[in-house]
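Heads up: the structure comes next, in C-alpha coordinates.
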Protein chains: 2
Amino acid sequence: MVISPDSRTVSTDVVVFTIRDERLQVLLVRRPREPYAGFWALPGGLVHDREDLDDCAARVLRQKASVAGVYLEQLYTFGRPDRDPRGRVVTVTYYALAPVARLGGALMTDTDARCWLPVDDLPALAFDHAEIVALAHQRLAAKLEYSTIALQFMGERFTLSELQCVYEVILGESLDKRNFRRRLRGLRCIEETGEWFRGGSHRPARLYRVRRPGQVEIFK
Amino acid sequence: MVISPDSRTVSTDVVVFTIRDERLQVLLVRRPREPYAGFWALPGGLVHDREDLDDCAARVLRQKASVAGVYLEQLYTFGRPDRDPRGRVVTVTYYALAPVARLGGALMTDTDARCWLPVDDLPALAFDHAEIVALAHQRLAAKLEYSTIALQFMGERFTLSELQCVYEVILGESLDKRNFRRRLRGLRCIEETGEWFRGGSHRPARLYRVRRPGQVEIFK
DNA sequence: GCAAAAGTGTTAGACCTACACCCATGA
DNA sequence: TCATGGGTGTAGGTCTAACACTTTTGC
(Lines give C-alpha, C1' and ligand atoms only; values in the text may rest on other atoms or scores of the structure.)
Protein backbone atom coordinates (compact mmCIF):
# COMPACT_ATOMS: atom_id res chain seq x y z
CA MET A 1 0.00 0.00 0.00
CA VAL A 2 2.24 2.76 -1.21
CA ILE A 3 0.96 5.56 -3.32
CA SER A 4 3.96 6.45 -5.38
CA PRO A 5 7.68 7.07 -5.25
CA ASP A 6 7.14 10.78 -4.55
CA SER A 7 7.97 10.83 -0.89
CA ARG A 8 9.02 13.91 0.98
CA THR A 9 10.18 14.71 4.46
CA VAL A 10 7.63 16.74 6.39
CA SER A 11 8.49 18.73 9.47
CA THR A 12 6.88 21.35 11.65
CA ASP A 13 8.65 24.47 12.89
CA VAL A 14 7.16 26.62 15.61
CA VAL A 15 7.58 30.34 16.19
CA VAL A 16 7.10 30.79 19.94
CA PHE A 17 6.48 34.40 20.87
CA THR A 18 6.58 36.02 24.25
CA ILE A 19 6.75 39.55 25.56
CA ARG A 20 9.80 40.18 27.71
CA ASP A 21 11.51 43.42 28.64
CA GLU A 22 8.80 45.27 26.72
CA ARG A 23 9.82 43.61 23.48
CA LEU A 24 8.36 40.87 21.32
CA GLN A 25 10.75 37.95 21.55
CA VAL A 26 11.08 34.58 19.82
CA LEU A 27 12.34 31.32 21.26
CA LEU A 28 15.32 29.94 19.36
CA VAL A 29 17.41 26.81 19.75
CA ARG A 30 21.02 26.38 18.77
CA ARG A 31 21.72 23.94 15.94
CA PRO A 32 24.26 21.41 17.18
CA ARG A 33 25.01 19.94 13.74
CA GLU A 34 25.41 20.80 10.10
CA PRO A 35 23.82 22.28 8.17
CA TYR A 36 23.89 25.67 9.88
CA ALA A 37 25.79 24.26 12.87
CA GLY A 38 25.91 26.86 15.64
CA PHE A 39 23.16 29.00 14.10
CA TRP A 40 19.99 29.82 15.94
CA ALA A 41 16.88 28.14 14.56
CA LEU A 42 13.21 27.67 15.32
CA PRO A 43 12.32 24.62 17.37
CA GLY A 44 11.11 22.01 14.91
CA GLY A 45 10.97 18.33 14.19
CA LEU A 46 9.81 15.66 11.79
CA VAL A 47 6.19 14.57 11.69
CA HIS A 48 5.80 11.06 13.07
CA ASP A 49 4.09 8.18 11.42
CA ARG A 50 0.63 8.37 12.91
CA GLU A 51 0.77 11.90 14.21
CA ASP A 52 -1.46 14.79 13.15
CA LEU A 53 0.30 18.02 12.19
CA ASP A 54 -1.14 19.96 15.12
CA ASP A 55 -0.03 17.22 17.50
CA CYS A 56 3.43 17.29 16.02
CA ALA A 57 3.71 21.03 16.57
CA ALA A 58 2.52 20.65 20.16
CA ARG A 59 5.02 17.87 20.76
CA VAL A 60 7.89 19.88 19.30
CA LEU A 61 6.88 22.73 21.54
CA ARG A 62 6.88 20.45 24.56
CA GLN A 63 10.04 18.53 23.80
CA LYS A 64 12.28 21.15 22.26
CA ALA A 65 10.99 24.20 24.00
CA SER A 66 9.47 22.86 27.24
CA VAL A 67 6.35 24.88 26.55
CA ALA A 68 2.88 23.36 26.89
CA GLY A 69 -0.73 24.43 27.04
CA VAL A 70 -0.35 27.60 25.05
CA TYR A 71 -2.13 29.06 22.05
CA LEU A 72 -0.92 27.35 18.87
CA GLU A 73 -2.05 28.02 15.30
CA GLN A 74 -0.94 26.86 11.89
CA LEU A 75 0.80 29.63 9.97
CA TYR A 76 1.96 28.60 6.48
CA THR A 77 3.69 25.76 4.68
CA PHE A 78 7.10 26.31 3.13
CA GLY A 79 8.47 23.92 0.56
CA ARG A 80 11.05 25.51 -1.70
CA PRO A 81 13.03 22.54 -3.04
CA ASP A 82 16.35 24.01 -1.91
CA ARG A 83 15.31 25.27 1.51
CA ASP A 84 17.20 22.45 3.24
CA PRO A 85 20.59 21.56 1.74
CA ARG A 86 20.21 17.94 2.84
CA GLY A 87 17.22 17.30 0.62
CA ARG A 88 13.59 17.99 0.16
CA VAL A 89 11.85 19.01 3.36
CA VAL A 90 8.41 20.54 3.41
CA THR A 91 7.76 22.33 6.69
CA VAL A 92 4.37 23.16 8.10
CA THR A 93 4.92 26.17 10.35
CA TYR A 94 2.99 27.17 13.46
CA TYR A 95 3.13 30.05 15.85
CA ALA A 96 2.54 29.95 19.58
CA LEU A 97 2.00 32.63 22.22
CA ALA A 98 3.59 32.08 25.60
CA PRO A 99 2.60 34.31 28.53
CA VAL A 100 5.89 35.14 30.18
CA ALA A 101 4.24 35.28 33.59
CA ARG A 102 3.11 31.67 33.38
CA LEU A 103 6.36 30.20 32.12
CA GLY A 104 8.75 28.93 34.72
CA GLY A 105 11.72 31.12 35.44
CA ALA A 106 14.04 28.36 34.25
CA LEU A 107 12.51 28.63 30.82
CA MET A 108 13.11 32.34 30.72
CA THR A 109 16.81 32.09 31.47
CA ASP A 110 18.78 31.86 28.29
CA THR A 111 21.37 29.11 27.88
CA ASP A 112 23.89 28.33 25.22
CA ALA A 113 21.41 25.98 23.57
CA ARG A 114 18.20 27.99 23.86
CA CYS A 115 17.37 31.66 24.09
CA TRP A 116 14.80 34.35 23.57
CA LEU A 117 15.69 37.10 21.13
CA PRO A 118 13.74 40.20 20.06
CA VAL A 119 12.11 39.80 16.64
CA ASP A 120 13.29 43.20 15.48
CA ASP A 121 16.93 42.42 16.18
CA LEU A 122 17.62 38.84 15.16
CA PRO A 123 20.95 37.42 14.04
CA ALA A 124 21.09 35.35 10.84
CA LEU A 125 18.92 32.28 11.37
CA ALA A 126 19.18 28.79 9.92
CA PHE A 127 17.31 27.82 6.74
CA ASP A 128 14.45 30.17 5.81
CA HIS A 129 13.56 30.71 9.44
CA ALA A 130 13.92 34.49 9.30
CA GLU A 131 11.19 34.58 6.65
CA ILE A 132 8.99 32.38 8.83
CA VAL A 133 9.42 34.63 11.86
CA ALA A 134 8.60 37.71 9.78
CA LEU A 135 5.41 36.12 8.48
CA ALA A 136 4.36 35.03 11.96
CA HIS A 137 4.91 38.54 13.29
CA GLN A 138 2.83 39.99 10.48
CA ARG A 139 -0.01 37.54 11.12
CA LEU A 140 0.06 38.23 14.84
CA ALA A 141 -0.09 41.99 14.30
CA ALA A 142 -3.02 41.58 11.92
CA LYS A 143 -4.91 39.45 14.43
CA LEU A 144 -4.61 42.09 17.15
CA GLU A 145 -6.99 44.25 15.16
CA TYR A 146 -9.89 41.83 15.00
CA SER A 147 -9.49 39.30 17.80
CA THR A 148 -8.65 38.94 21.46
CA ILE A 149 -5.45 37.05 20.70
CA ALA A 150 -3.29 39.48 22.69
CA LEU A 151 -4.86 38.18 25.90
CA GLN A 152 -2.94 34.93 25.37
CA PHE A 153 0.17 36.81 26.46
CA MET A 154 -1.27 37.84 29.81
CA GLY A 155 -0.90 36.06 33.13
CA GLU A 156 -3.67 35.44 35.65
CA ARG A 157 -3.89 39.09 36.61
CA PHE A 158 -2.60 42.11 34.77
CA THR A 159 -2.98 45.86 34.51
CA LEU A 160 -4.34 47.71 31.53
CA SER A 161 -0.98 49.38 31.05
CA GLU A 162 0.67 45.99 30.73
CA LEU A 163 -1.87 44.93 28.13
CA GLN A 164 -1.44 48.17 26.26
CA CYS A 165 2.28 47.56 26.21
CA VAL A 166 1.69 44.18 24.55
CA TYR A 167 -0.26 45.86 21.77
CA GLU A 168 2.31 48.58 21.32
CA VAL A 169 5.23 46.20 21.18
CA ILE A 170 3.61 43.94 18.59
CA LEU A 171 2.30 46.76 16.42
CA GLY A 172 5.48 48.78 16.79
CA GLU A 173 3.61 51.99 17.53
CA SER A 174 2.31 53.76 20.59
CA LEU A 175 -1.39 53.95 21.30
CA ASP A 176 -3.60 56.49 23.03
CA LYS A 177 -4.27 55.38 26.59
CA ARG A 178 -7.85 56.58 26.83
CA ASN A 179 -8.92 55.22 23.45
CA PHE A 180 -7.23 51.90 24.18
CA ARG A 181 -9.05 51.49 27.48
CA ARG A 182 -12.39 52.44 26.04
CA ARG A 183 -12.02 49.97 23.19
CA LEU A 184 -10.95 47.07 25.42
CA ARG A 185 -13.66 47.65 27.93
CA GLY A 186 -16.12 47.64 25.05
CA LEU A 187 -15.00 44.17 23.98
CA ARG A 188 -16.15 42.73 27.30
CA CYS A 189 -13.34 40.20 27.24
CA ILE A 190 -11.67 41.19 30.52
CA GLU A 191 -13.01 42.06 33.97
CA GLU A 192 -11.79 43.77 37.12
CA THR A 193 -10.55 41.48 39.87
CA GLY A 194 -11.07 44.11 42.56
CA GLU A 195 -7.41 43.85 43.43
CA TRP A 196 -4.70 46.42 42.97
CA PHE A 197 -1.14 46.27 41.86
CA ARG A 198 1.35 48.40 43.79
CA GLY A 199 4.45 48.50 41.71
CA GLY A 200 6.48 51.56 42.45
CA SER A 201 6.32 55.05 43.73
CA HIS A 202 3.10 55.95 42.05
CA ARG A 203 -0.62 55.36 42.15
CA PRO A 204 -1.63 51.63 42.24
CA ALA A 205 -3.23 50.06 39.17
CA ARG A 206 -6.37 47.97 38.97
CA LEU A 207 -5.79 44.29 38.23
CA TYR A 208 -7.87 42.60 35.55
CA ARG A 209 -8.34 39.01 34.47
CA VAL A 210 -9.41 37.38 31.18
CA ARG A 211 -13.12 36.53 31.13
CA ARG A 212 -12.88 33.37 29.03
CA PRO A 213 -9.27 32.26 29.25
CA GLY A 214 -8.05 29.98 26.50
CA GLN A 215 -10.66 31.30 24.08
CA VAL A 216 -9.61 33.63 21.30
CA GLU A 217 -12.63 35.54 20.06
CA ILE A 218 -12.86 36.92 16.53
CA PHE A 219 -15.02 39.95 15.89
CA LYS A 220 -16.27 41.99 12.96
CA MET B 1 22.02 12.05 1.65
CA VAL B 2 18.76 11.22 3.29
CA ILE B 3 17.60 12.88 6.43
CA SER B 4 15.66 10.15 8.12
CA PRO B 5 13.20 7.36 7.53
CA ASP B 6 10.24 9.68 8.20
CA SER B 7 9.07 10.22 4.66
CA ARG B 8 5.60 11.31 3.74
CA THR B 9 3.68 11.85 0.55
CA VAL B 10 2.95 15.50 -0.07
CA SER B 11 0.25 16.69 -2.45
CA THR B 12 -1.52 19.91 -3.29
CA ASP B 13 -5.27 20.22 -3.77
CA VAL B 14 -6.80 23.31 -5.29
CA VAL B 15 -10.23 24.79 -4.71
CA VAL B 16 -11.06 26.64 -7.94
CA PHE B 17 -13.93 29.05 -7.51
CA THR B 18 -15.95 30.80 -10.15
CA ILE B 19 -19.25 32.62 -10.28
CA ARG B 20 -21.72 31.07 -12.66
CA ASP B 21 -25.50 31.37 -12.83
CA GLU B 22 -25.29 33.82 -9.92
CA ARG B 23 -23.84 31.17 -7.64
CA LEU B 24 -20.41 30.46 -6.22
CA GLN B 25 -19.23 27.25 -7.85
CA VAL B 26 -16.26 24.93 -7.40
CA LEU B 27 -14.44 22.92 -10.02
CA LEU B 28 -14.46 19.19 -9.30
CA VAL B 29 -12.98 16.20 -11.07
CA ARG B 30 -14.31 12.68 -11.02
CA ARG B 31 -12.12 10.08 -9.32
CA PRO B 32 -11.54 7.24 -11.78
CA ARG B 33 -10.03 4.86 -9.21
CA GLU B 34 -10.29 3.69 -5.64
CA PRO B 35 -10.37 5.04 -3.06
CA TYR B 36 -13.55 7.04 -3.56
CA ALA B 37 -13.89 5.83 -7.16
CA GLY B 38 -16.64 7.77 -8.91
CA PHE B 39 -16.73 10.50 -6.25
CA TRP B 40 -16.15 14.12 -7.09
CA ALA B 41 -12.87 15.50 -5.73
CA LEU B 42 -10.74 18.62 -5.86
CA PRO B 43 -8.11 18.70 -8.58
CA GLY B 44 -4.84 17.74 -6.93
CA GLY B 45 -1.56 16.01 -7.42
CA LEU B 46 1.72 15.01 -5.86
CA VAL B 47 4.49 17.50 -5.41
CA HIS B 48 7.35 16.76 -7.78
CA ASP B 49 10.95 16.38 -6.89
CA ARG B 50 12.32 19.82 -7.52
CA GLU B 51 9.05 21.70 -7.58
CA ASP B 52 7.98 24.47 -5.23
CA LEU B 53 4.56 24.10 -3.62
CA ASP B 54 3.12 27.14 -5.41
CA ASP B 55 4.40 25.79 -8.72
CA CYS B 56 2.84 22.45 -8.00
CA ALA B 57 -0.53 24.05 -7.34
CA ALA B 58 -0.26 26.06 -10.56
CA ARG B 59 0.66 22.95 -12.50
CA VAL B 60 -2.23 20.95 -11.05
CA LEU B 61 -4.51 23.79 -12.00
CA ARG B 62 -3.17 23.80 -15.53
CA GLN B 63 -3.05 20.06 -16.07
CA LYS B 64 -6.10 18.83 -14.24
CA ALA B 65 -8.32 21.85 -14.60
CA SER B 66 -7.00 23.60 -17.73
CA VAL B 67 -6.97 26.86 -15.81
CA ALA B 68 -3.95 29.18 -15.95
CA GLY B 69 -3.00 32.72 -15.03
CA VAL B 70 -5.50 33.15 -12.23
CA TYR B 71 -5.24 34.27 -8.63
CA LEU B 72 -3.85 31.45 -6.48
CA GLU B 73 -3.19 31.51 -2.74
CA GLN B 74 -2.14 28.93 -0.18
CA LEU B 75 -4.99 28.06 2.16
CA TYR B 76 -4.08 25.50 4.82
CA THR B 77 -2.25 22.21 5.22
CA PHE B 78 -4.17 19.10 6.17
CA GLY B 79 -2.40 16.07 7.51
CA ARG B 80 -4.62 13.84 9.63
CA PRO B 81 -2.90 10.44 9.52
CA ASP B 82 -6.07 8.70 8.29
CA ARG B 83 -7.23 11.25 5.75
CA ASP B 84 -6.18 9.00 2.86
CA PRO B 85 -6.90 5.29 3.29
CA ARG B 86 -3.89 4.38 1.14
CA GLY B 87 -1.43 5.85 3.60
CA ARG B 88 -0.02 9.02 4.94
CA VAL B 89 -0.58 11.98 2.64
CA VAL B 90 -0.09 15.55 3.77
CA THR B 91 -1.86 17.95 1.45
CA VAL B 92 -1.08 21.63 1.07
CA THR B 93 -4.29 23.24 -0.13
CA TYR B 94 -4.70 26.32 -2.30
CA TYR B 95 -7.63 28.27 -3.62
CA ALA B 96 -7.94 29.95 -6.99
CA LEU B 97 -10.39 32.45 -8.45
CA ALA B 98 -11.35 32.02 -12.08
CA PRO B 99 -13.25 34.79 -13.85
CA VAL B 100 -15.94 32.97 -15.79
CA ALA B 101 -15.83 35.57 -18.56
CA ARG B 102 -12.18 34.87 -19.28
CA LEU B 103 -12.39 31.09 -19.26
CA GLY B 104 -13.03 29.39 -22.56
CA GLY B 105 -16.54 28.10 -23.10
CA ALA B 106 -15.20 24.54 -23.34
CA LEU B 107 -14.02 24.81 -19.78
CA MET B 108 -17.41 25.88 -18.59
CA THR B 109 -19.25 22.94 -20.10
CA ASP B 110 -19.48 20.13 -17.62
CA THR B 111 -18.43 16.63 -18.61
CA ASP B 112 -18.59 13.29 -16.92
CA ALA B 113 -15.04 13.79 -15.67
CA ARG B 114 -15.11 17.45 -14.67
CA CYS B 115 -17.83 19.82 -13.54
CA TRP B 116 -18.66 22.98 -11.67
CA LEU B 117 -20.97 22.63 -8.71
CA PRO B 118 -22.37 25.27 -6.34
CA VAL B 119 -20.59 25.32 -2.98
CA ASP B 120 -23.82 25.45 -1.05
CA ASP B 121 -25.15 22.29 -2.65
CA LEU B 122 -22.32 19.80 -2.98
CA PRO B 123 -22.63 16.03 -3.05
CA ALA B 124 -20.38 13.95 -0.79
CA LEU B 125 -16.79 14.59 -1.84
CA ALA B 126 -13.75 12.34 -1.69
CA PHE B 127 -11.39 12.44 1.31
CA ASP B 128 -11.71 15.55 3.50
CA HIS B 129 -12.37 17.73 0.48
CA ALA B 130 -15.69 19.05 1.77
CA GLU B 131 -13.88 20.47 4.78
CA ILE B 132 -11.30 22.07 2.49
CA VAL B 133 -13.97 23.70 0.32
CA ALA B 134 -15.74 25.05 3.41
CA LEU B 135 -12.54 26.58 4.73
CA ALA B 136 -11.73 28.14 1.35
CA HIS B 137 -15.20 29.66 1.16
CA GLN B 138 -14.83 31.09 4.63
CA ARG B 139 -11.44 32.60 3.81
CA LEU B 140 -12.74 34.09 0.57
CA ALA B 141 -15.73 35.67 2.31
CA ALA B 142 -13.45 37.15 4.98
CA LYS B 143 -11.15 38.63 2.35
CA LEU B 144 -14.02 40.43 0.63
CA GLU B 145 -14.26 42.69 3.64
CA TYR B 146 -10.72 44.00 3.59
CA SER B 147 -9.30 43.49 0.11
CA THR B 148 -10.09 43.87 -3.56
CA ILE B 149 -10.00 40.12 -4.11
CA ALA B 150 -13.49 40.03 -5.61
CA LEU B 151 -12.19 41.84 -8.69
CA GLN B 152 -10.36 38.66 -9.63
CA PHE B 153 -13.71 37.23 -10.67
CA MET B 154 -14.43 39.99 -13.14
CA GLY B 155 -13.72 40.03 -16.85
CA GLU B 156 -12.22 42.92 -18.82
CA ARG B 157 -15.33 45.04 -18.49
CA PHE B 158 -18.20 44.65 -16.10
CA THR B 159 -21.12 46.51 -14.60
CA LEU B 160 -21.45 47.44 -10.96
CA SER B 161 -24.49 45.22 -10.66
CA GLU B 162 -22.43 42.24 -11.79
CA LEU B 163 -19.78 43.04 -9.21
CA GLN B 164 -22.39 43.48 -6.50
CA CYS B 165 -23.77 40.08 -7.41
CA VAL B 166 -20.33 38.56 -6.83
CA TYR B 167 -20.24 40.00 -3.33
CA GLU B 168 -23.76 38.88 -2.55
CA VAL B 169 -23.23 35.36 -3.77
CA ILE B 170 -20.04 34.87 -1.78
CA LEU B 171 -21.35 36.47 1.39
CA GLY B 172 -24.74 34.81 1.06
CA GLU B 173 -26.62 38.02 1.79
CA SER B 174 -27.98 40.89 -0.23
CA LEU B 175 -26.38 44.31 -0.08
CA ASP B 176 -27.71 47.82 -0.46
CA LYS B 177 -27.06 49.10 -3.97
CA ARG B 178 -26.29 52.69 -3.09
CA ASN B 179 -24.01 51.85 -0.18
CA PHE B 180 -22.21 49.24 -2.23
CA ARG B 181 -21.52 51.67 -5.06
CA ARG B 182 -20.36 54.39 -2.72
CA ARG B 183 -17.96 52.06 -0.96
CA LEU B 184 -16.44 50.65 -4.14
CA ARG B 185 -15.99 54.03 -5.73
CA GLY B 186 -14.23 55.10 -2.53
CA LEU B 187 -11.70 52.29 -2.88
CA ARG B 188 -10.49 53.74 -6.20
CA CYS B 189 -9.78 50.27 -7.54
CA ILE B 190 -12.05 50.40 -10.58
CA GLU B 191 -12.70 53.07 -13.23
CA GLU B 192 -15.31 53.83 -15.86
CA THR B 193 -14.48 52.74 -19.39
CA GLY B 194 -16.90 55.24 -20.92
CA GLU B 195 -18.70 52.36 -22.56
CA TRP B 196 -22.18 51.07 -21.89
CA PHE B 197 -23.67 47.66 -21.67
CA ARG B 198 -27.07 47.19 -23.32
CA GLY B 199 -28.35 43.94 -22.01
CA GLY B 200 -32.08 43.81 -22.08
CA SER B 201 -35.14 45.89 -22.12
CA HIS B 202 -33.98 48.44 -19.65
CA ARG B 203 -31.60 51.32 -19.20
CA PRO B 204 -27.96 50.54 -20.24
CA ALA B 205 -25.33 50.11 -17.54
CA ARG B 206 -21.93 51.76 -17.34
CA LEU B 207 -19.01 49.42 -17.94
CA TYR B 208 -16.05 49.53 -15.57
CA ARG B 209 -12.60 48.00 -15.63
CA VAL B 210 -10.14 47.06 -12.87
CA ARG B 211 -7.51 49.78 -12.35
CA ARG B 212 -4.61 47.50 -11.47
CA PRO B 213 -5.55 44.06 -12.77
CA GLY B 214 -3.77 41.13 -11.20
CA GLN B 215 -3.11 43.07 -8.02
CA VAL B 216 -5.10 42.27 -4.91
CA GLU B 217 -4.96 45.21 -2.54
CA ILE B 218 -5.37 44.86 1.21
CA PHE B 219 -6.70 47.76 3.23
CA LYS B 220 -7.20 48.73 6.86
C1' DG C 1 7.07 67.98 47.77
C1' DC C 2 8.46 65.63 43.86
C1' DA C 3 8.65 62.04 40.44
C1' DA C 4 6.09 58.49 38.29
C1' DA C 5 2.47 56.09 36.35
C1' DA C 6 -2.87 55.60 36.84
C1' DG C 7 -6.97 57.14 35.66
C1' DT C 8 -10.63 59.80 33.36
C1' DG C 9 -14.50 62.81 29.01
C1' DT C 10 -15.43 65.49 25.28
C1' DT C 11 -15.59 66.89 20.66
C1' DA C 12 -15.13 66.78 15.55
C1' DG C 13 -14.91 64.17 11.69
C1' DA C 14 -15.31 59.86 9.23
C1' DC C 15 -17.93 56.09 8.23
C1' DC C 16 -21.97 53.10 8.07
C1' DT C 17 -26.88 52.11 7.49
C1' DA C 18 -31.37 52.63 6.11
C1' DC C 19 -34.29 54.17 2.90
C1' DA C 20 -37.44 55.59 -2.27
C1' DC C 21 -37.81 57.46 -6.46
C1' DC C 22 -36.85 58.68 -11.42
C1' DC C 23 -34.48 57.13 -15.82
C1' DA C 24 -33.51 54.81 -20.21
C1' DT C 25 -34.36 51.09 -22.82
C1' DG C 26 -36.65 47.05 -25.58
C1' DA C 27 -40.68 44.75 -26.36
C1' DT D 1 -47.15 51.99 -22.19
C1' DC D 2 -45.23 48.74 -19.44
C1' DA D 3 -41.72 45.88 -17.37
C1' DT D 4 -37.00 45.75 -16.24
C1' DG D 5 -32.95 46.82 -14.11
C1' DG D 6 -29.77 51.32 -13.78
C1' DG D 7 -28.77 55.06 -11.36
C1' DT D 8 -28.78 58.61 -7.57
C1' DG D 9 -28.66 61.60 -2.09
C1' DT D 10 -29.71 62.42 2.61
C1' DA D 11 -30.11 61.98 7.54
C1' DG D 12 -29.14 59.59 11.96
C1' DG D 13 -26.29 56.83 14.48
C1' DT D 14 -21.95 54.79 15.49
C1' DC D 15 -17.13 54.61 15.63
C1' DT D 16 -12.59 56.70 15.67
C1' DA D 17 -8.98 59.96 16.77
C1' DA D 18 -7.15 63.70 18.96
C1' DC D 19 -6.39 65.88 23.00
C1' DA D 20 -4.63 67.45 28.98
C1' DC D 21 -5.23 67.35 33.54
C1' DT D 22 -5.95 65.31 38.29
C1' DT D 23 -4.98 61.34 41.46
C1' DT D 24 -2.33 58.31 44.33
C1' DT D 25 1.56 56.48 45.74
C1' DG D 26 6.79 55.77 47.39
C1' DC D 27 10.71 58.01 48.31
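Numbered from 1 within each chain, the chains take letters A, B, ... in sequence-line order.
Using a 4.5 Å heavy-atom cutoff, the side chains of B:F127 and B:D13 are not in contact.
The distance from atom CG of B:D176 to atom P of C:dA20 is 11 Å, rounded to the nearest whole Å. Rounded to whole angstrom, the span from the CZ atom of A:F180 across to the P atom of C:dA6 amounts to 12 Å. The CZ-C1' distance, from A:F197 to C:dA6, rounds to 12 Å in whole Å. Rounded to an integer number of Å, the gap from A:L163 CG to C:dA5 C1' is 16 Å. Distance CD (A:E162) to P (C:dA5): 13 Å, rounded to an integer number of Å. Atom NZ of A:K177 is separated from atom P of C:dA5 by 10 Å (rounded to the nearest Å). If you take CG of B:N179 and P of C:dC15, they are 14 Å apart, rounded to a whole angstrom. Taking atom CG of A:L187 as the reference point, atom P of D:dC15 lies 12 Å away to the nearest angstrom.
Between A:R203 and D:dT23 there is no side-chain N or O to OP1 or OP2 distance below 4.0 Å. Residue B:R185 places at least one side-chain N or O closer than 4.0 Å to OP1 or OP2 of D:dT8.
Of the two residues near DNA chain C, B:R183 and A:R181, the one whose nearest nucleotide lies more 5' is A:R181. Of the two residues near DNA chain C, B:R178 and A:H202, the one whose nearest nucleotide lies more 5' is A:H202. Annotation: of the two residues near DNA chain D, A:S201 and B:T159, the 5′-most nearest-nucleotide partner is B:T159.
Ion pairing between A:D110 and A:R20 holds under the 4.0 Å rule for side-chain N and carboxylate O. Between B:R139 and B:E73 there is a salt bridge, since at least one side-chain N of the basic residue sits less than 4.0 Å from a carboxylate O of the acidic one. Using a 4.0 Å cut-off between charged side-chain N and carboxylate O, A:R206 and A:E195 make no salt bridge.
Within 4.0 Å (heavy atoms only), A:S161 reaches sugar-phosphate atoms of the nucleic acid but no base atom. A:R182 comes within 4.0 angstrom of a base, heavy atoms only.
Here D:dG6 is the nucleotide among C:dT8, D:dG6, C:dT25 with the atom lying nearest to any side-chain atom of B:A205. Each of C:dG26, D:dG7, C:dT8 was ranked by its minimum atom distance to the side chain of A:R206; first place goes to C:dT8.
For A:E22, the CD atom sits in a loose shell: 12 or fewer heavy atoms of surrounding residues, nucleotides or ligands are nearer than 6.0 Å.
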